[in-house]
Amino acid sequence: MRVEQISVFLENKAGRLAEVTRILSEAGVNIRALSLADTSDFGILRLIVNDNEKAKEALKANGFTVGKTDVVAVEVEDRPGGLHKILDILRKAGINVEYMYAFVQQSGNNAVIIFRFDNLDEAVRVLTENGVTVINGSRVYSM
Amino acid sequence: MIYDMEYETLPREALEAIQLRRLQNTLQRVYATVPFYKKRFDEVGFKPADLRTLEDLRRVPFTTKQDLRDNYPYGLFAVPMENVVRIHASSGTTGKPTVVGYTARDIETWATLMARSLSAAGATRGDIIHNAYGYGLFTGGLGVHYGAEKLGASVIPISGGNTKRQIMIMKDFGATILTCTPSYALHLAEVAQEMGVDFKDLKFKSGLFGAEPWSEKMREEIEKKLHLDAVDIYGLSEVIGPGVAVECLEAKAGLHIFEDHFIAEIIDPATGEVLPPGSVGELVFTSITKEAFPVIRYRTRDITSLNPEPCVCGRTFVRMNRVSGRSDDMLIIRGVNVFPSQIESVLMEIQGVEPHYQLIVDREGNLDMLTVLVEVGESAFSDKVKTLQDLEKVITKNIKEYLGISAKVKLVEPKTIARSEGKAVRVIDNRKL
Ligand SMILES: [Zn+2]
C-alpha cells in the first residue's frame with residue numbers, strides 16, 4: 001500500500017530543477033508526479049518516477065543528495081468536497097499530514113493525491129476503514 | 001605509571017619556584033650568549049635581572065618561526081659547536097628547514113621526557129616498543145628511541161615505510177607498545193586487514209600517537225581497529241621534539257605539559273596579550289632547561305587552551321587540550337577570534353552532519369557578516385522542509401553558543417564548496433580592509 005518517493009536537495013538558484021529533469025530524461029526515467037517545496041535558501045524536490053533505482057543512481061552520479069521516503073497515493077473523487085472528505089477523516093483520527101501534492105494522471109474518474117504521513121501504517125488503516133481507495137505502488141509507477 | 005614521581009607531582013608552589021629560578025638562568029644565559037636575544041631584549045628595554053616573578057615573562061618579546069629562519073642554521077645556538085652533540089631539523093614547507101641543536105645534557109633531558117611520556121602511556125621496562133616514527137633529521141624516531149632505552153624497554157627501531165614487513169615484525173616480535181603518527185596507525189590497520197592479520201591477535205596494549213593533529217573521532221577509530229589504548233603526545237622540534245606534553249592513560253583528557261622544563265602561555269594571536277586560564281588561543285613555549293637551543297616565548301602557531309584542573313593520575317602539570325587549529329587560519333569577525341576548526345568541531349557534534357563547510361566573511365556597512373555554508377549529505381537530508389530548517393537553526397545556535405558570534409547558516413548541495421588541489425577552500429574573506 002505504500003509508494004516510494006525520492007526527494008532531492010536543491011539550492012535555490014536558477015537552473016537546478018531543469019538540471020534534475022534533464023538528468024532523469026537522459027536516464028530514460030519518467031516522472032509521474034513532482035512537487036517542489038522551497039524556502040529562501042533551498043528547495044526539496046519530491047518525485048514519483050517509474051524507476052526509483054535508476055533515478056537515484058543517475059542523480060547521485062551527478063552529485064545530488066537523494067533521499068527515499070514512503071508515501072501514500074489516495075484516490076480522491078473529482079468533485080467539490082472530494083479532498084475535504086479525506087482530510088476530515090484524517091483530522092478526526094488525529095493523523096497529521098506532513099505534506100501532499102497532486103498526481104498528474106487520473107485513476108479512472110478520480111484524481112490521485114500523494115500524502116506524506118509520519119505514521120504511514122496507521123494512516124492507511126484509517127483511510128481504508130473509511131472506504132477510501134489507497135492505490136498500491138506498482139500501479140502508481142506505471143500509471 | 002609516573003616515571004618521575006618527584007617532579008611530575010610537585011605541588012604548584014614548589015613547581016613555580018623551580019620555574020622561576022630556571023627561567024632567570026635561561027634569560028641571563030641567552031642575553032649573554034645569543035646576539036639575537038640581546039638585541040630583542042634591548043629593543044624593549046628588558047634586562048634579565050628585571051625578571052622577579054613568572055608574570056614578568058610577559059615583558060619579554062616573542063620569538064617566531066621567521067626569527068628561526070632568519071638565523072639559519074646556527075644563529076640561535078647558545079653554546080659553542082664543540083658542545084653540540086646532535087643536530088635535528090624540521091622540514092619547512094617553504095624554503096629552508098629550521099635547525100636545532102642539543103648538548104649531551106639536552107639529549108639526557110629529552111630522553112627523560114620521552115621516558116616520562118612512554119610511561120604515561122603505560123609502557124614499562126618489560127615492554128617491546130615498535131617505533132614507526134621516522135628516524136633521521138625529524139625528531140620523532142630518535143626522540144622515542146632514546147626515551148624507550150632510558151625507560152629500559154626494548155625498542156624496535158623500525159622507522160617508517162614498508163608497512164607489510166612492519167606488520168610481520170610486530171606480530172613475530174610480539175610488540176606491546178606502538179609509536180607512530182595517528183594516520184600511519186590507521187594505515188597499518190588497513191594493510192593488516194588486507195593481509196588477513198587481526199590486531200586482536202597481536203600483543204599491543206597501548207600506543208603513543210602524535211606529530212600531527214588528530215581528533216577524538218580518530219582516537220575511537222584507532223582504538224577499535226588496533227585494539228589498544230591510544231594516547232596523544234605533543235612536541236615540536238623547535239621546543240625539543242616529542243615529549244613536550246603527553247596524555248595520561250588514566251584520564252586521556254588533555255596532555256600534561258612538562259612544566260619543570262617548559263613554561264606554557266596562551267596568547268591572543270592578534271594582540272599578543274596573555275589570556276586567562278581556559279581561554280582558547282595560541283600556545284607559546286619558553287624552554288627553561290635547554291642548553292644548546294633555548295627558545296624564549298616561541299610562538300607555536302598551534303591553537304589550544306590550558307586546563308589547570310587537577311588530574312586523576314596525580315600529575316600536577318597543567319594540561320593542554322588537543323590542538324584544534326593553526327593561528328595562521330584565524331579570522332577576526334566583529335572583534336571575535338574565530339578558527340575554522342572551531343566551526344568544524346561544532347558541525348562534527350551534530351548528528352548526521354559531515355564537516356564539509358566553508359566560511360564566507362563579508363562587510364556590510366561597518367559590520368562583519370559571517371555566512372557558513374554546509375553541504376547537505378544523505379545522512380542529514382530529509383524530505384521535510386522543517387527538518388532541514390531545524391538543522392540550520394541548531395547549527396546557528398551552536399555556533400553562537402561555542403564561538404559567541406552570530407552566523408548565517410546556509411545549506412548547500414554536496415561538492416559545491418570550491419576545492420583547490422583536492423583540498424576544500426575553507427575561508428573566503430571578501431572584506432576589503
Ligand atoms: Zn593525568
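All chains are named by letter (A, B, ...) in the order of the sequence lines, taking the proteins before the strands, and each is independently numbered beginning at 1. Just so you know, these numbers come straight off a predicted model, no measurement behind them.
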Inset, instruction - Heavy atoms only, distances under 4.5 angstrom: which of A/I6, A/V8, A/L45 has the most pairs with chain B? Name it, please. - result: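 Top count of heavy-atom pairs under 4.5 Å with chain B: A/V8.
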Legend entry - Best-contacting candidate, A/Y99, A/F64, A/F9, against chain B by heavy atom pairs under 4.5 angstrom: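 If we count pairs closer than 4.5 Å to chain B, A/F9 comes out on top.
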Quick check on [X]: does its [atom1] atom have over 12 non-hydrogen neighbours (other residues, nucleotides or ligands) under 6.0 Å away?
| X | atom1 | value |
| --- | --- | --- |
| B/E216 | CD | yes |
| B/N430 | CG | yes |
| B/E364 | CD | no |
| B/E378 | CD | yes |
| A/E26 | CD | yes |

Legend entry - Which atoms of B/E392 approach chain A - backbone, side chain, both or neither, heavy atom under 4.5 Å: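 It is the side chain, since no backbone atom gets that close.
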Nearest heavy-atom neighbours spanning [X] and [Y]:
| X | Y | answer |
| --- | --- | --- |
| B/E413 | A/L10 | OE2-CA, 3.3 Å |
| B/S382 | A/I44 | O-CD1, 3.5 Å |
| A/R46 | B/D383 | NH2-O, 2.8 Å |
| A/T39 | B/Q389 | CG2-NE2, 3.3 Å |
| A/T65 | B/P414 | OG1-CG, 2.7 Å |

So do the side chains of [X] and [Y] get within less than 4.5 Å of each other, counting heavy atoms only?
| X | Y | value |
| --- | --- | --- |
| B/F381 | A/V66 | no |
| A/E98 | B/K386 | no |
| B/K408 | A/D41 | yes |
| A/D118 | B/K384 | yes |

Inset, instruction - Identify which part of A/K68 has an atom lying under 4.5 Å from any heavy atom of chain B, answering side chain, backbone, both or neither. - result: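 Contact with chain B involves no heavy atom of A/K68 at all.
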